[in-house]
Structure formats: C-alpha cells, structure tokens
A.B. asks: 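The structure that follows is given in the form of structure tokens.
In each ligand, atom 1 is the first atom listed, and ligand 1 is the first ligand listed.
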Amino acid sequence: MIKSSIIKRRASKQIMVGNVPVGGDAPISVQSMTNTDTKDVAATVAQVKAIAEAGADIVRISIPDMEAAEAFKEIKKQSPIPVVVDIHFDYRIALKTAEYGADCLRINPGNIGSEARVREVVASAKDHGIPIRIGVNGGSLERDLLERYKEPTPEALVESAMRHIDILEKNNFDQFKVSVKASDVFLAYESYKLLASKIEQPLHLGITEAGGFRRGTIMSAMGLSWLLREGIGDTLRVSLAADPVDEVKVGFDILKVLKLRNRGINFIACPTCSRRGIDVIGVVDALEKRLSDVNDSFDVAIMGCVVNGPGEASHALLGVCGAKNDAIYYEEGKVAGRLPKESLVDELEAKIRNIVAKRQQQTILKI
Ligand code: SF4
C-alpha cells in the first residue's frame, strides 16, 4: 500500500492569508464560504464557527455593500480562522474591510475603475499586509474577450487573469493568488494548467456552480483531482449548493484520497451484502457523525464478514469484521477480542477516542 502521496507539487510562491500559509510547501488549505446574509452577524458568525469546526483553514464572506462591511467588522472579531472578503467592483468596500481586519481581498483589480482607485486598494493591502485573490470565472468574462474568443476558452480565462495580474504587477504587488474557475471541468482543468505554466503565484482551485451535493461533489472530485494529481493547486474550495460544512468535508476527502492532506478518521468499509454479520452502513454513518470533531487521522476498517474483513481490518489501525453472533475486533493488525453487536458503535467510538488521546499524549511528549 502506498502510504504517502506520490504527487510532486508545482513550485509556487508562498503568501500568507492571516496565519495560514498558501503556496510553497504549505499544506493545501481548504476553504468554504458563508451563505448567510452577512448583515446578520449572529447567523454569519455561527456559520463561520461551524465551518471552522469542520476543519476549514480559511473562510470567505461576501460583502455586497457598506452595511455588510460594517457587519464584517464584528464578524471578523469573532472568527477563529482567517477571513477573505469577497468584493465586486466597489473599491471603497475593499478599503473599509481592509481597515476592519480582512485577511485577504478577493477583488479583480481590472473591475474597480481608474488607476487611482487600484493604487489606493493596493496601497491599503500593502499597509495592512494582506494579499489579494484575483478570481476569474468562466461565467463572467469581459465582453471583449467573449467577442474575440466566441466563448469561454482556457486562453480567454487566462488572458482575463493576466490582465488583472498585470495591473497588480504594475503596482509592484506580488502578494496574490489566482483562480480561473469554470463550471465545465475540462475548461477549468485546461485553464488552470495554462495559468500554472505562466505564473508562480499560488493557485486557488475550484469548480464553480458545480451543483447540489451529489453532482457538485462528483464534479469537484473529478476536476480538482485531475489538477491536484499534476501537482497544481495550493488552496481549494469545493462549491456546493449545500451546507458549507459539507464543502469542507468534501474538500478534505478529496485531499485525503490523494494522500495530500489528512484530517479525520478514514473509514474503510465494505458495501455489504447478504453475508454481513453487522450493520456496516449504520455503524459507519453513526461513527462518522459522532467523530466529526476528530482532527487526527488513521484508518479504521468496518467490514461486514470474514470474507474480506480480516485483510482490511488487520491493515487498519483498528477494525472490526462481522461474525455470526458478534464482531471480531482488531487492533494494530491483530485480533484483540470480540465486541457485542448491540453496543458496537459505543464501543468503537470509545476505542477510537482512546487511541486519539494516546496519540495526542505521545505528540506532546515528543515536543
Ligand atoms: S466483506 Fe463480507 S459482507 Fe462485506 S461485501 Fe464483502 S462479502 Fe459482503
């Protein structure tokens, strides 16, 4: 079994979003975005906290107007993770939110008007020591590019990104990351690849408008994994028309599968069939919910019977496989006892938490 990722990441420049490094040799960060009304401070703070508890490194909040900018001031004070403010067109909102402690401005310099305004925003970002994310989207390309290229193409998306990049570079500003998102996975893939060959700044990956939970998860897993497999991508957001907490979970799952990052227990489970001795689906579902707060990461195998069970359970740190009257329990590759079916979830949760606590203790002792 290949234990660590064989992916060689693209060498990119590192920037800081608050205390989170993005690019270079930093772990690929996972982001999500609130979908509350930003002006509703209590609801937005609650969602930011839920997103952070799910493990997100960075959260993005849209700031459509000055009232939202004022609400952001309070939200930022209560956010446990760095906040990117999402701003379109209005440079005054960028200045205001930078003053209120934004950790990154998501704004396209080509869309904010005169050179003087751009200079002001860049000067503010420099003064506050915060980066900018340029976000090009296949759905909102400049009209002249659409006329010339006829439709959103990788070349058109990248040309749009390069225009914004040129403006920042003319202002001697290199603390930026870039995204070229599209809702078509082929378009997004080719666009990011082309962009990666042209700049050294970190790339923020995303498949935009990917759809609801199921379709969006599949689209994102496919599009993002093609890029990540080629070493492209320094931070990502999975866009789902669903709970933002799910975006975080799916983001980590994509990185886990590629062995690029770990968070949470990896449940290895069989699909079950009529040979199953235990309710694998129910047990996995319950454990995933109960253990969603766990940051530590190791394999736990939940297998239905002794056909494939012993192999998987003995390769995981901890595992069970169903038998006629109970479940055979494995720890560190060896049979370590039997567990009753009725209390399997409780017993496994306790055993997993026990291992997590032991590993934490060992880490503390090492430090
Ligand atoms: S491990 Fe057993 S229960 Fe699970 S799918 Fe295979 S044969 Fe069926």
A.B. asks: In the structure I gave you, are the side-chain heavy atoms of V294 and R353 within less than 4.5 Å of one another anywhere?
C.D. replies: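 A side-chain contact under 4.5 Å exists here.
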A.B. asks: Holding to ring-ring contact (aromatic ring centres under 6.0 Å, His included), I want the full list of residues that pass it with F186, two or more places apart in sequence or in another chain.
C.D. replies: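 Listed in chain order: W226.
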A.B. asks: Using a cut-off of 2.8 Å, how many protein N, O or S atoms sit around atom 4 (Fe) of ligand 1?
C.D. replies: 1
A.B. asks: Given T235, which partner from the list Q31, R133, H204 fulfils the side-chain hydrogen bond (donor to acceptor under 3.5 Å, both in side chains) test?
C.D. replies: Q31
A.B. asks: With side chains defined as the heavy atoms from C-beta onward, is the minimum distance between Y330 and C321 less than 4.5 Å?
C.D. replies: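 They are in contact (side-chain heavy atoms under 4.5 Å apart), so the answer is yes.
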A.B. asks: Hey, is E70 close enough to K73 for a salt bridge, meaning N to O under 4.0 Å?
C.D. replies: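 No salt bridge links E70 with K73.
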A.B. asks: How about E115: does its CD atom have over 12 heavy atoms from other parts shown lying under 6.0 Å from it?
C.D. replies: no
